[in-house]
There are 2 protein chains.
Amino acid sequence: MRNINKNLSTRDIIFYAAVELFSQKGYHGTSIRDITRKVGIKESSLYNHFQGKESILQAILDYQMSEFSKAVDALELLKASNTNKTKDPVEFWMAGTEVFIKNISPLTESISQIIINEMFFNADCRKFYLNVMRKSEMELVTTLFNVMKEKEMIDDCDIEKTASQYIYMLQGLEIENKLKILEGETPEKVRKNLFEHITMFIKRLKK
Amino acid sequence: MRNINKNLSTRDIIFYAAVELFSQKGYHGTSIRDITRKVGIKESSLYNHFQGKESILQAILDYQMSEFSKAVDALELLKASNTNKTKDPVEFWMAGTEVFIKNISPLTESISQIIINEMFFNADCRKFYLNVMRKSEMELVTTLFNVMKEKEMIDDCDIEKTASQYIYMLQGLEIENKLKILEGETPEKVRKNLFEHITMFIKRLKK
DNA sequence: GTCTATAACTCGATAGAC
DNA sequence: GTCTATCGAGTTATAGAC
């Protein structure tokens, strides 16, 4: 792995290897040996770059924090500009969430998986999930729903609860899709299913 | 722990201790030592009752399977009898799901937690979740929605997708509630929130 | 910064006495 | 069925040579 990325620092290579392994086998299921074997260094060398296994996880959380900050900034920009002129609720929705989705790199997605797997056992991950990831998602979704309510694209309703239900759905679909892909299903089928669910949810908000 | 439950076999005591620890700390986060320390026996004694750590997990899956079989049998009974005469959708729904809910013991709930935590890493748990737990839930929810559709308590819609979305919501609420309880929130508040979400979801199915 | 060597410990599991 | 004693493998982490 080190030979492939000669422009990256060893620290970065360790970081990316750790993200991949933690997301696939879990934090506790991955050993320092697994990481260093993947990178192509000895275990002891890792300690020149990180204090230990736990501090790798902390670095991962720090990275994710900076990624989510960017997404929230993009949301502020969206609020201010409000260039979306369409009257179709589904179209409006897709355009609005694009801001968030386009900022999600495969790395961010893998890190989300790590955090979700750890959040029942690790208080740091739990707090990060609730206070950063979930909070950002809620902010995006409630913002969009409020705009749509003003424009009468959706009926009057409890925005907070509706946003929660949308996020529950999205999370459920993500979990199910990951399981299905692990069981051998094609990503295309999974993507189509996701789109249909979102369309159905949004349409149901207008009688 | 052994002194408290003199009427239970050592095997059963090991089983219950394992369920509690696996659900709290995860399968990989729990050692044989953790279990035997809790039970009050030496590590070696455990091997008189189980072949190893993996076979304890298998016994837990077997137990859960028998519990879900009971719930599915109860559903068959419900289909046949059809005693629910109410015209109110929410009331009908609550009565219909009661059959399932009353069969869920705290043990079953803990085991569900274990399986959900393991399903990304362990193929047996993944298959069990998809083919037993998820399938049973879908069967219950689609059955009830179909009856409600016939009785015109809900509008015409894609029952399969609606049922999926209901289950995503329920799962999302369960996850969030577990996290909130770990963070110190009261179970009463959490229960009220759950009821309000279910009510909102069911009401939205009739224009 | 990387290496070898190794400490200090935990893991699941087994042999054999009682 | 429980115990003591122990094994071999795997774990994170450190010391010190290069």
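Within every chain, numbering begins at 1; the chains are lettered A, B, ... in the order of the sequence lines, protein sequences first and strands thereafter.
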For a quick check of understanding: with a heavy-atom distance under 4.0 Å over all strands, which category does Lys53(A) fall into, base, sugar-phosphate or nothing?
sugar-phosphate
Residue pairs, two or more places apart or on separate chains, that pass salt bridge (charged side-chain N to carboxylate O under 4.0 Å, His left out) and touch residues 61-77 of chain B:
Glu67(B)-Lys70(B), Glu76(B)-Lys79(B)
Using a strict cut-off of less than 4.0 Å between a Lys/Arg side-chain nitrogen and an Asp/Glu carboxylate oxygen, indicate whether Lys127(B) and Glu183(A) qualify as a salt bridge.
yes
Look at all strands and tell whether Ser55(A) reaches a base, only sugar-phosphate, or nothing, counting heavy atoms closer than 4.0 Å.
nothing
Output the single nucleotide from dG1(C), dT12(D), dA13(C) whose closest atom is nearest the side chain of Ser31(A).
dT12(D)
Which word best sums up how the rings of Phe145(B) and Trp93(B) line up, parallel for under 30°, tilted for 30 to 60°, or perpendicular for over 60°?
parallel
Measure from the side-chain heavy atoms of Arg33(B) and tell me the nearest of dT10(C), dT12(D), dG1(C).
dT10(C)
Answer yes or no on whether Lys25(A) is positioned over the face of Phe120(B), meaning its NZ or CZ is under 6.0 Å from the six-membered ring centre and within 45° of the axis.
no
Expressed in angstrom and rounded to an integer, what is the separation of Ile35(A) atom CD1 from dA13(D) atom P?
10 Å
Heavy atoms under 4.0 Å, any strand shown: does Ser44(B) hit a base, just sugar-phosphate, or nothing?
base
Across the strands shown, which category fits Ser45(B) at heavy-atom distances under 4.0 angstrom: base, sugar-phosphate, nothing?
base
Which residue, Gly29(A) or Gln51(A), contacts DNA chain D at a nucleotide closer to its 5' end, judged by nearest heavy atom?
Gly29(A)
